[in-house]
Amino acid sequence: MLIRQGFQYALRLKAQREAVLRRWVGCRRFVFNEALAHQRAEVAAGRKRPGYVVLCARLPELKKLHPWLGEPPAQALQQALKDLCKAWDAKFTSKFGAPRFKKKGEGDTLRLPQDCRYDAATGTVSLPKLGSVRLRHSRQALGDLKNVTLRQERGRWVASLQTEREVDVGSPTATAAVGLDFGAATTIMPSNASLAPIELPSRIGRYERRMKRLQQQVSRKKKGSANRKKAVARLNACHGRIAAMRRDFLHQHTTALVRGHALVAIEDLSVKSMTASSAGTLDAPGKNVRAKSGLNRTILRNGWSMARTMLEYKAAWSVVMLVAVPPAYTSQACSSCGHTAPENRKTQALFECVACGHAENADRNAARNILAKAQQQLSSANSIQPGGCPTSTPGHCGELTPVKARPRPRTRPRSAAQGGLVEPPLAGTISGLSLPGNLHL
């Protein structure tokens, strides 16, 4: 199985090299904005919007008008034009709007697809026109290096190395099954009584209290002042710190869950709909807006969508079955007798069946119902491989059977940036894991 994976490292840069990267990012932003302005002018004049090939042909003239554009690698400027063409395609194939002009400090990235070399022995990466750069080498990047993306994050520069490698597909080593209930009070509750509830580390709460104080400091500073910019930078650093801790926490626990089980069952939750605002309008104001906003904040704080995404691609790489079941009545049904009633849920934490008297933690009961639904769903499917999944789904133990993708209507032809045949999605990517139905492997 061919997989692509990203490895992120912080760069050890001196001030002089950081200034070089900032200039390169500024050149990329200038090329992007200039190309977007040219496209809008052509469309306003009644002509066809220029594609990638036409925009690339204008780069030599731009470099003559602005000699400083010759400082960064030419491929970095070409990648900016590719990103612009992809943004236009996304407008007509998804819910994204038209591309907008980029501002300084918003999404400052730089992608280098060629002439980059990674040395695991010395913990360095060689970049064109910049030379060898030291990494905070926390782990070795596996596979062949495809491209390097540089970005500024929390006041430091980060390099994302995308690699590609072949992985042997085998059967899962574990045989156990587990159901996971994503909750507000408890981040993840497993169905097995031998597994402890998974909760966010307490240090995140300490940083959240610090973030509240930093937000108050920002609100007290005069808009446009230098002190306000410094306060905003401290607030952004705190936000990034919390996000990094949450991401590391979810990575550790999702990896442990996938390695220790052959079947993982979760709820097919629509987090976007669940966290929608209930403020309403002036004519029809909402009810319990403060309580609903607190619940939304807790759901987003626990990172349900991020945990599901991690489980999806890690299960595909490890040949573990991941099943997403409908969430209806999982918190009201009794895992012992199956009786479903709202009265079973006595409190937020306690479940007590009114029919059989079965009592346990409400989240644990819901996790067991999720696992039972997944097993029932799999028992009704055909061609089940031991320890795998239906033969029509990528990630099973046998030969892969191609799945016919539903044709997506396109209002415009593909741009020159997407010319040629479109390769099928690689295993482990989001596009290759989002399958019709409730099976996600």
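- Side chains of Leu180 and Ile370 form no contact here, defined as non-hydrogen atoms less than 4.5 Å apart.
- Applying the salt bridge (Lys or Arg N to Asp or Glu O under 4.0 Å) test to residues at least two apart or on different chains, the pairs with a partner in residues 195-217 are Glu208-Arg301.
- Relative to the six-membered ring of Phe96, Lys91 misses at least one condition, a distance below 6.0 Å or an angle of at most 45° to the axis.
- Residue Cys238 comes nearest to Leu214 through the heavy atom pair CB-CD1, 3.8 Å, listed as atom of the first residue, atom of the second, then distance.
- Scanning all heavy atoms of the two residues, the minimum distance from Ala80 to Arg28 falls at CB-CG, 3.5 Å.
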Kindly indicate, with the supporting measurements, whether the criterion side chain to side chain contact (heavy atoms under 4.5 Å, CB included) is fulfilled by Leu135 and Leu11. CA-CA 5 Å; Leu135 307 173; Leu11 299 181; 3.2 Å; yes

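- Heavy-atom neighbours of Arg241 CZ from other residues, nucleotides or ligands within 6.0 Å: at or below the threshold of 12.
- Electrostatic pairing of Arg29 and Asp108 counts as a salt bridge here, judged by a charged N lying under 4.0 Å from a carboxylate O.
- Residue Lys346 places its NZ atom among more than 12 non-hydrogen atoms of other residues, nucleotides or ligands, all under 6.0 Å distant.
- The nearest pair of heavy atoms linking Gly260 to Ala176 is O-CB, 4.1 Å.
- Around CZ of Arg259, the count of heavy atoms belonging to other residues, nucleotides or ligands within 6.0 Å does not exceed 12.
- Residue-environment remark: CZ (Arg117) stays at or below the threshold of 12 foreign heavy atoms within 6.0 Å.
- Under the rule for a side-chain hydrogen bond (donor to acceptor under 3.5 Å, both in side chains), the partners of Asp248 that lie at least two apart in sequence or sit in another chain are Gln252.
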Assess whether side chain to side chain contact (heavy atoms under 4.5 Å, CB included) is satisfied between Met274 and Leu295, documenting all intermediate values. CA-CA 9 Å; Met274 295 175 64; Leu295 177 61; over 6 Å; no

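- Residues Gln79 and Pro113 meet the side-chain proximity criterion, which asks for heavy atoms closer than 4.5 Å.
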Side chain to side chain donor-acceptor pair (under 3.5 Å) between Asp119 and Thr122: does it pass, once the steps are laid out? CA-CA 6 Å; Asp119 190 351; Thr122 59; 3.1 Å; yes

Pair Lys287-Ser278, side chain to side chain donor-acceptor pair (under 3.5 Å): steps then yes or no: CA-CA 7 Å; Lys287 299 180 180 179; Ser278 62; over 6 Å; no

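- Considering only heavy atoms from C-beta on, Val148 comes within 4.5 Å of Leu127 through its side chain.
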Could you give me the CA-CA distance, side-chain angles and deciding distance for Arg165 and Gln5, then say whether side chain to side chain donor-acceptor pair (under 3.5 Å) is met? CA-CA 8 Å; Arg165 70 180 187 273; Gln5 186 176 3; 2.8 Å; yes

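- Annotation: side-chain hydrogen bond (donor to acceptor under 3.5 Å, both in side chains) contacts of Asp363 (sequence neighbours excluded): none.
- Taking both residues in full, the closest heavy atoms of Leu371 and Ala177 are given as CD1-CB, 3.9 Å, listed atom of the first, atom of the second, then distance.
- Although no hydrogens or angles enter the test, the distance criterion places a donor-acceptor pair under 3.5 Å between the side chain of Asn33 and the main chain of Lys102.
- Taking CG from Leu130 and CG from Leu150, the interatomic distance works out to 8.0 Å, rounded to the nearest 0.5 Å.
- Atom CD of Glu18 is separated from atom CD of Gln152 by 7.0 Å, given to the nearest 0.5 angstrom.
- Ion pairing between Arg308 and Glu312 holds under the 4.0 Å rule for side-chain N and carboxylate O.
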Show me the side-chain donor-acceptor pairs of residues 331-344 shorter than 3.5 Å, one per line, residues at least two apart or across chains.
| residue | atom | partner | partner atom | Å |
| --- | --- | --- | --- | --- |
| Ser335 | OG | Glu360 | OE2 | 3.2 |
| Ser335 | OG | Asn365 | OD1 | 2.8 |
| Thr340 | OG1 | Gly338 | O | 3.4 |
| Asn344 | OD1 | Val354 | N | 3.1 |
| Asn344 | ND2 | Gln332 | O | 3.0 |
| Asn344 | ND2 | His339 | O | 3.1 |

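- Atom-to-atom distance recorded for Arg234:CZ and Met211:CE is 15.5 Å, nearest 0.5 angstrom.
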Dump the intermediate steps for side chain to side chain contact (heavy atoms under 4.5 Å, CB included) on Met310 and Arg247, then the final yes or no. CA-CA 10 Å; Met310 293 179 181; Arg247 184 169 57 250; 4.0 Å; yes

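- If you check the side chains of Glu267 and Thr330, you find a donor sitting under 3.5 Å from an acceptor.
- In this structure Arg111 satisfies the salt bridge (charged side-chain N to carboxylate O under 4.0 Å, His left out) test together with Asp83, sequence neighbours excluded.
- Salt bridge status for Arg4 with Glu164: present, with a side-chain N to carboxylate O gap under 4.0 Å.
- Between Leu257 and Ile198 the shortest side-chain heavy-atom distance falls below 4.5 Å.
- Applying the ring-ring contact (aromatic ring centres under 6.0 Å, His included) test to residues at least two apart or on different chains, the pairs with a partner in residues 218-271 are Phe249-His253.
- Remark: side-chain polar atoms of Ser293 are paired, donor with acceptor, to backbone N or O of Arg290 under 3.5 angstrom.
- Looking at Leu110 and Thr149, their side chains never come closer than 4.5 Å, going by heavy atoms from C-beta outward.
- A pairwise comparison of heavy atoms in Arg364 and Pro190 identifies NH1-O, 2.9 Å as the closest pair.
- Among all heavy-atom pairs drawn from Thr255 and Lys314, the shortest one is OG1-NZ, 2.8 Å.
- Within 6.0 Å of OH on Tyr329 lie no more than 12 heavy atoms contributed by other residues, nucleotides or ligands.
- With Trp157 as the aromatic partner, Arg151 does not meet the cation-pi criteria of under 6.0 angstrom to the ring centre and within 45 degrees of the ring axis.
- Using a 4.5 Å cut-off on side-chain heavy atoms (C-beta onward), Arg12 and Val133 make no contact.
- Contact annotation: the side chain of Leu263 never approaches that of Val320 to less than 4.5 Å [non-hydrogen atoms, C-beta and beyond].
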Begin from the C-alpha positions of Ile188 and Asp181 and carry the test side chain to side chain contact (heavy atoms under 4.5 Å, CB included) through to its verdict. CA-CA 6 Å; Ile188 303 176; Asp181 177 63; over 6 Å; no

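- Here CD of Gln114 is found 10.5 Å from NZ of Lys146. Values are rounded to the nearest 0.5 Å.
- Looking at heavy atoms from C-beta onward, Tyr52 lies in side-chain contact with Gln78 at the 4.5 angstrom threshold.
- In this structure, Thr186 contributes its side chain and Met189 its backbone to no donor-acceptor pair below 3.5 Å.
- A donor-acceptor contact shorter than 3.5 Å links the side chain of Trp304 to the backbone of Gly183.
- Taking CG of Asn361 as the start and CG of Leu350 as the end, the distance is 8.5 Å to the nearest 0.5 Å.
- With 3.5 Å as the limit, one finds a donor-acceptor pair spanning the side chains of Trp88 and Gln39.
- By the 30° and 60° cut-offs, the orientation of the rings of Tyr9 relative to Tyr118 is parallel.
- Note that CG of Asn302 is 4.0 Å distant from OG1 of Thr187, once rounded to the nearest 0.5 Å.
- For the 3.5 Å distance criterion, the side chains of Lys373 and Asn369 fail to qualify, holding no donor opposite an acceptor.
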